[in-house]
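What follows is a short report on a single structure.
Proteins come first, then strands; the chains are lettered A, B, ... in the order of their sequence lines, and each starts at number 1.
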Amino acid sequence: MLKKNARPVNSPKKLKRIIFLLGPTAIGKSAAAILLAEKINAEIISCDSMQVYRKMDILTSKVAARERKKVRHHLLGIIDPGREYNVAQYRQAALSLCDKLFKKGKIPLFTGGTGLYYSVIVDGLFPAVPEDKLLRAKLEKQLSAKGNDYLYRRLAKVDPPAAKKIHPHDSRRIIRALEVYLTAGEPISALQKSRVGLGKEFQIKIFGLNTDRQALYNIIDQRVEKMFTAGVINEVKRLRKQKLSRTASRAIGVPEIAGFLAGKYPLDEAKRLIQRNSRHYAKRQLTWFRKDKRIKWINIKEKDNPAEIAKRIYKQL
RNA sequence: GCCGAGAUAGCUCAGUGGUAGAGCGCGGCCCUGAAAAGGCCGGCGUGGGGGGUCCGAUUCCCUCUCUCGGCA
């Protein structure tokens, strides 16, 4: 169990390179990543919590199959949307892929916008307190029965530092903190201190794509328009024939289109909501990445095409 | 041209003789096993222009401009 957190590496003679290409949704990471990967003999590892799901290609703007032929992509469409997926699984899969790529002499190029997934690769995950479904269900039941105040006070008793850090309304984190305490017997605030990231044997370069806010929002709005002409409605209809995991069911576009399909509002409203929620999401992504001072920002002007972006990154390698 | 209604935040609008709020939008932030999730914070304003009454006007009065209805 504890081994999960140790870095499984083969002994290197030289530094192993890992490159990250991050940024808000719709900024153009995927296209640039392919061109960059071709230049430097890299393979792409998706760093995206929703693109891991199958059957959600339009919803998550997955790179088209023919593009994928140019450069190998990993962790894209690997699990059924009926199943749960989480950071720990992602980390394990991504790190073992890195090892495989190194053996082949390839550079892993992480591309995506899920801040947490990025951070557990670079900075690690605290050891081995996996989610406990039964316990969690029990805590969730208590939450709805007694309110989050009750759970929050309980947490404050066993783990004051965690309680101080977590807002009383943030029930999801309260539950996880309690879950960790109850299963490990140690407070999460203590465990979180031991975190093992990528070691010194790696040479890491981290790039972030950004542009001015209004331009970004325009790109997002346009992308959503395209999703509709590409047939998201049908994709969601097909998707909803099965029971979706909690995670997959929250992908932007699924609840919004479900509302339209249920007749709660017209199509335009569904579109508007998806655009707005995507903008909010992009904003949150930027907040997350902005504080990470290791990121080298590449500022995009409207006229920059993917090749231009790839070139600019290449120069800074 | 006449009559009526209105002009307040980016938008839609509320309210008050003591310099102003709500929703949406927008901005900032937090984040360690659901993360495209979840949570927190912020009013961002020459109250259409000018004049008057008043200790004091966004609020009352006059006037101008504009918008929307109706009548010509």
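Straight-line distance from the CG atom of A/N148 to the P atom of B/G38: 15 Å, rounded to whole Å. When rounded to the nearest whole Å, the span between OH of A/Y118 and P of B/A37 equals 21 Å. Nucleotide B/A35 holds its C1' atom 8 Å from the CZ atom of A/R172, rounded to whole Å. Here B/G39 presents its P atom at 16 Å from OH of A/Y152, a figure rounded to the nearest Å. Put simply, CZ on A/R83 is 15 Å from C1' on B/G33, counting in whole angstrom units. Remark: P of B/G33 and CG of A/N86 are 9 Å apart, rounded to the nearest angstrom. Going from atom CD1 of A/I121 over to atom C1' of B/G33 covers 13 Å, rounded to whole Å. Atom CG of A/L139 is separated from atom P of B/G33 by 14 Å (rounded to the nearest Å).
Nucleotides B/U59 and B/U53 have their P atoms positioned 15 Å apart, rounded to a whole Å.
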Legend entry - Paired and unpaired positions of RNA chain B as dot-bracket, Watson-Crick or G-U wobble under 3.5 Å, | denoting a partner strand: (((((((..((((....[..))))((((((.......))))).)...(((((..]....)))))))))))).

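Comment: A/E201 does not engage A/K16 in a salt bridge, judged by the lack of any side-chain N to carboxylate O separation of less than 4.0 angstrom. A salt bridge is defined here as a Lys NZ or Arg NE, NH1 or NH2 lying under 4.0 Å from an Asp or Glu carboxylate O, and A/R238 with A/E235 fails to meet this definition. Between A/R294 and A/D123, at least one side-chain nitrogen of the basic residue sits less than 4.0 Å from a carboxylate oxygen of the acidic one, meeting the salt-bridge criterion.
Side chains of A/R195 and A/S119: a donor on one and an acceptor on the other come within 3.5 Å. Looking at A/E43 and A/H73, their side chains never bring a donor and an acceptor atom within 3.5 Å of each other. Between the side chains of A/N218 and A/Q222, no donor-acceptor pair is found at a separation under 3.5 Å.
Within the 6.0 Å centre-distance limit, the rings of A/F20 and A/Y118 are counted as a close aromatic pair.
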Inset, instruction - Classify every nucleotide of nucleotides 25-32 of chain B by which part a protein heavy atom approaches to under 4.0 Å, writing B for the base, S for the sugar-phosphate alone and - for neither, in 5'-to-3' order. - result: SSBBBBBB

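Side-chain N/O atoms of A/H169 include none lying less than 4.0 angstrom from OP1 or OP2 on B/G39.
Of the residues in residues 229-247 of chain A, those with a non-hydrogen atom less than 4.0 angstrom from any atom of RNA chain B are A/R246, A/T247.
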